[in-house]
Amino acid sequence: MIDGRLVRGERTRQAVLDHAVALSSVEGLEGMSLARLAQGLGVSKSGLFSHWPDKQALQLAVVEHARLQWVEEIVRPALREPRGLRRLWALHVNRMDFYERRALPGGCFFANVEPEVNDHPGPVRDAIAAAKHDWVTLLTTLITQSAELGELQSGTDADQLAFEIQALGAAVITHTLVHRLEPSFRFARRAVLDRLRALATDPSVLPEATP
């Protein structure tokens, strides 16, 4: 039989992490505390200590939860697409959709917390850096696979193209949250699509560009 206390405890843990990722996407990790999370969710602060004994443990759990959310919302659906350019394009589209529908109030957890930890070496910064490295590596891998399948022109620089796709995605956060330029989502989709179609050996595997 399943212990009801364990089920309730796991539900509480997931609810706290969901709330923490959303809050951190706006206010960062440093301002987050067990007391604030407990107050926001109406749960006991002492109960949360059974999950995370200190602030660093909580922050590491939040980073991992954000990484898993990114995988479930953006990466996993894209990987259901056929290998090659269609999978790479789906990855970028899913990312833009994630931002545009405000899955997180701050747009992107990692974009918000990365500057905060840049000058603070330690396990939390390492975890954030590892998550970003995995993302860029995935972009590079999908580009390389597309080239191996003959869907990209010979000589396509996978590292350069991965950098461009990542940079365009990151720019959307600045333009929509700071400058309030909502067309940025459309611009970022169009810019990546134009780049991929220009490099494709058969552009018909990708959608037609729209104004």
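Position 1 is the first residue of the sequence, and the numbers go up from there. Worth knowing before you read on, the calculation uses all heavy atoms, side chains too, and leaves out hydrogens, waters and symmetry mates. In this text, all values refer to a predicted model and were calculated from it rather than measured experimentally.
- Screening residues 107-125 for side chain to side chain donor-acceptor pair (under 3.5 Å), with sequence neighbours left out, gives Glu114-Lys132.
- Among residues two or more places apart in sequence or in another chain, the salt bridge (Lys or Arg N to Asp or Glu O under 4.0 Å) test is passed with Glu64 by Arg67.
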Sequence neighbours left out, cut at 3.5 Å: what donor-acceptor pairs do the side chains of residues 87-96 make with other protein atoms?
unit_1	atom_1	unit_2	atom_2	d
Arg87	NE	Glu81	O	3.0
Arg87	NH2	Leu79	O	3.4
Arg87	NH2	Glu81	O	2.9
His92	NE2	Ala188	O	3.1
Asn94	ND2	Ile74	O	3.0
Asn94	ND2	Ala90	O	3.4
Arg95	NE	Tyr99	OH	3.0
Arg95	NH1	Gln166	OE1	3.0
Arg95	NH2	Tyr99	OH	3.3
Arg95	NH2	Gln166	OE1	3.4

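- Taking CZ from Phe163 and CG from Leu168, the interatomic distance works out to 9.5 Å, rounded to the nearest 0.5 Å.
- For residues 158-170, the salt bridge (charged side-chain N to carboxylate O under 4.0 Å, His left out) pairs, not counting sequence neighbours, are Glu164-Arg195.
- Between Leu152 and Thr201, every side-chain heavy-atom pair lies at or beyond the 4.5 Å cut-off.
- When all heavy atoms are compared, the tightest approach of Val71 to Pro77 is O-CD, 4.1 Å.
- Looking only at side-chain heavy atoms (C-beta outward), Val172 and Phe187 stay at 4.5 Å or farther from each other.
- A salt bridge between Asp97 and Arg101 is absent, with no side-chain N of the basic residue lying under 4.0 Å from a carboxylate O of the acidic one.
- Partners of Ala129 by side-chain contact (heavy atoms from CB on, under 4.5 Å), not counting sequence neighbours: none found.
- With sequence neighbours excluded, no residue satisfies salt bridge (Lys or Arg N to Asp or Glu O under 4.0 Å) with Asp202.
- When every heavy atom of Val136 is checked against every heavy atom of Ala162, the shortest pair comes out as O-CB, 4.3 Å.
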